[in-house]
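So the structure is just underneath, and the comments pick up after that.
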Amino acid sequence: MVLSEECDIIFRLKAILEFACQLDNPNGAQSQSTISKTFQDLQSKVSSKNIVFTVCNSPLLIWPNTGFQSSVESLTEASACGDILQYIESDDGGSKKSSKKREKKKSGPTVVNMKLLFEVTEPAGNEAPSLIQVSTQQHCVKMPLPLDCVLSVNTDESLSTVCTGLVKAINKQLADMEEVVLQYRKGSSFLVPQPFHFQLPEPAGLTTVIYSAGVPDSQLQAVREDLHRKFKLPSDRPYLRRANAFHFPDAAYKDGYLRNPHIHLNPPNLEDAKLYLVQGVYSYHHYMQDRVDDDGWGCAYRSLQTICSWFQQQGYVETAVPTHTQIQQALVDVGDKEPRFVGSRQWIGSIEVQVVLNQLLGVTSKIMFVSQGSELATKGRELANHFQTEGTPVMIGGGVLAHTILGVAWSETSGEIRFLILDPHYTGGEDLQTITDKGWCGWKGPEFWDQNAYYNLCLPQRPKII
Amino acid sequence: MDLQTSVHDLRGRMGRSYFVDEAVEQYLGGLQPAPGSCVTGLLAGQSSPQRDFVVLAVQTPYRESEGQPKASRGVSPLDDIDVEWVTEHAKQVSRMLPGGLCILGLFLVTPPELAKDAQNSLKRLIFAMEKYITKGRLWELSEEDVTDRVTLHICSKTKKTVCKTFDVKDPKSSAKPADWKYQTGVSSSWPMLTCSVEVDLLIPLTGSSSDNTDKCMKDGLGRWAKQIEAAYCLINGRQALDDSELISGQKKNLKTAHRQTLPARIFVSDEQSELDERSSALVRVCSGSIRVRGVVHCRAYIHNNKPKARHAAQAIKRDIINTVCSRVEMFLEDLLINEGSHKGLCSGQQALPRRVFAPMPISGLSVCDYMFPDESTADVAERLKEMLDCETPEEDIDTSLESKQLFSAVSGSETTDSHSDDSTKHATSEVQAENPKIQKASQYYAGVAVAAGIALLATATSLLYLNE
């Protein structure tokens, strides 16, 4: 995930608009124009003077369609949008601008969350209240439209540009939603259009795509092919599957696993060395998680789980990370192990990891064999290549231990090498500080390996799909 | 702490304090019950967590078709009290109170010999009244709402008053003593919140029976009411969320002659959590739909004893909800009386009653009433006399806040795919041509044939809202 250097702030505007219409005959020719008209009415509604943007956790209200008004006097249309940050209370009580930079080595863009509100007071007219009854039988359709618009800008962009941009974005999103709703509608069955944001390579940047709820990624191949062409994306790796959706820096991961603990590390001080690291996002799996006590035997299983989490989060598979039991069952299913293997505490090695990746995820892997641990120091080029082309985490088993290699620092000139290791033998909680301080995720030198033992490495290969 | 102070403290903490406008004292003093008989009436005002304010007292209107008072047949006058009538009066009056004000309790004037039994009657009445008024209400009480109601007993001979409260949340609660203090100008400096709210609700009707219609209306209005309750509110340009005071920098002794008017602004979001988790649209076959549309004018008062902004916001929001619901209720009640069933709810557009305001006796606050299209200020004045026991000159009745001009309706709503997509727009300023005669709503207020009318009404309201 490469974030644009330029973008300091992401404005994110969310709202749920109710789509409601009455159809006399859902299968009739007229129904499409009724649906379109309803979307147009919604577009008028968001372009009207009644709409208000509110900035979450702040007293700020902005009326974008009345020649820009804000509820805070010092913020005018010409103000830099970065000035908003001082009015936002972050969760720890301080304002976002003044909050200390914590452990984050890479401070990503700040996310400003906003909501859309509609004013019901100060009405344009003064019509007397009345009751209007319609007595014809109709299909009454109600559907929530989960609007979610984003705008990436620099802090010095003016507020009025930001607001105009957001209003345009809402209108565009409504139009896109209309297209998707009409495309997937069958009679009176409507699917909810859902926005997904993707951080695409420049110049596209942060882009929003609408997918229909209930239509799985597997059925959206043609849509993705079109979009890959449109945004000039490589045609051999996924960018636009739902799992590839942009993870906003201020959102926590609900499953509780740590993501990419390695980004908090300082790279090793190696002259002339380049870094070749895992691409994308993985979860850290280790001993004792999920209430499974695999202390002493589960290290390769955990490394395999880390690898599976990578394939899931890069959008290659939709299946959840397998449990120990599921891993064991997979090996039994292919005939590699006897049925009594399931429920046992037997170790597995790189070959089993390769087999399971194939069986459960359809992923092929290359196996690299080194007869002595000391030889690993000479594998810099191969590993560098692997991380450059495939970028997947590598499982390494040998001696009596299994580990995950997340990258190498390798100097082509001197041949010096360091290995970025994620250690599945950690038994504690998801405490980033401990994990990085104590080296459970850390850079190790060639002496880390048992110099006399032999090792097998499992290098998973990316499937060529989008 | 010596015993005396601690007892006083205890009583102070246990009992509520009612600050009552002198005008109420005058009114109560002026009541002339016939010898040996009782007079019931309502007390209205505002409660706050620390203290309560009473600004209005109104005796129960005379009910004509009473026949022989039972007292003359050897039954106690207390048993003569028509509970249904008292509660109906309370309901009508509560519709006439702007936001922030409500019925706080009842008074009962009896001859000295009935003073002991009076307490029981008052208890019965207060619970019955609370139950009746709150039936069908679309907003929930919050934890901070005061649920104590006051009962005031006045001896017709000695004029001595006994003031007690009951917690109407608890049917088993017993009477607690309370303080009753008269003051001048209790509400003279109360700020008034105002706003005009645009309403546009489309309520689909499933099924065809009138019970279904009522349920759909209640559901539809209920969802809208929740939106209003959850809405963001600005009062006088400031956020009304937290514990901040409504008017900061206020001097302690604010008895200015001028009453502040604070404009309120309400912002809703469309979020409806029950729809959130859906992956497909909710589609129902409807037999029709009802659209409630127009601009309503809303008003609320808040006491000026360091009120919090969010209480003021709550008061105006409740007024918004109440005014829309009251009108729809009144409209449907009226139809029931005239047509006997919802078959009378014909297609097309019908005007809902219009809200008008009039000054409350002496206190300077206003009350409101609703005018059907064929009514005049004379009808309003008549109702004010009957319900609030006060003479209001017709020119004091403000009919300017809501207009008579109806929205120009497209027949069938705009978002249908029926063929009348285009210009069947007809500007209607009078809608009567389409409708059967809408009889004067005042008919069922007046004393004539009231017994039958009230019985119908009671049935109507219990039909309208399913019994809790």
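Sequence lines set the chain letters: A, B, ... in the order given, protein chains first and strands last, and positions in each chain run from 1.
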Using a cut-off of under 4.5 Å for heavy-atom pairs, which of [options] has the most such pairs with chain B?
| options | result |
| --- | --- |
| Gly125(A), Ala124(A), Ala213(A), Pro129(A) | Pro129(A) |
| Val120(A), Leu117(A), Ile51(A), Val181(A) | Val120(A) |
| Ser188(A), Ser189(A), Gly214(A), Ser212(A) | Ser188(A) |

To the nearest 0.5 Å, tell me how far [X] [atom1] sits from [Y] [atom2].
| X | Y | atom1 | atom2 | value |
| --- | --- | --- | --- | --- |
| Phe267(B) | Phe53(A) | CZ | CZ | 13.5 Å |
| Gln138(A) | Arg284(B) | CD | CZ | 12.5 Å |
| Leu205(B) | Gln133(A) | CG | CD | 6.0 Å |
| Thr54(A) | Gln239(B) | OG1 | CD | 8.0 Å |
| Leu191(A) | Ser279(B) | CG | OG | 7.0 Å |

Side chain / backbone / both / neither for [X] at chain A, heavy atoms under 4.5 Å:
| X | result |
| --- | --- |
| Ala231(B) | neither |
| Arg355(B) | neither |
| Ile203(B) | neither |
| Ser196(B) | both |

Derivation and outcome, side chain to side chain contact (heavy atoms under 4.5 Å, CB included), residues Ser289(B) and Gln22(A): CA-CA 9 Å; Ser289(B) 64; Gln22(A) 324 275 85; 3.7 Å; yes

Indicate yes or no: at least one non-hydrogen side-chain atom of [X] is less than 4.5 angstrom from one of [Y].
| X | Y | answer |
| --- | --- | --- |
| Glu122(A) | Arg265(B) | yes |
| Met143(A) | Leu282(B) | no |
| Leu131(A) | Arg327(B) | no |
| Glu119(A) | Glu198(B) | no |

Side chain, backbone, both or neither: which part of [X] has an atom under 4.5 Å from a heavy atom of chain B?
| X | answer |
| --- | --- |
| Pro59(A) | both |
| Val141(A) | both |
| Thr136(A) | backbone |

With respect to chain A, which residue among [options] yields the maximal number of heavy-atom pairs within a distance under 4.5 Å?
| options | answer |
| --- | --- |
| Cys286(B), Gly294(B), Gly288(B) | Cys286(B) |
| Val199(B), Val283(B), Leu234(B) | Val283(B) |
| Val292(B), Val285(B), Ile266(B) | Ile266(B) |
| Ser280(B), Cys195(B), Ala281(B) | Ala281(B) |

Criterion side chain to side chain contact (heavy atoms under 4.5 Å, CB included) on Leu61(A) and Tyr232(B), from CA distance to verdict: CA-CA 10 Å; Leu61(A) 290 181; Tyr232(B) 192 89; 3.5 Å; yes

Gln183(A), CD: over 12 other non-hydrogen atoms inside 6.0 angstrom: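 More than 12 within 6.0 Å, yes.
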
Between Ser130(A) and Gln349(B): side-chain donor-acceptor atoms closer than 3.5 Å: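 Yes, because at least one side-chain N or O of Ser130(A) sits under 3.5 Å from a partner of the opposite role on Gln349(B).
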
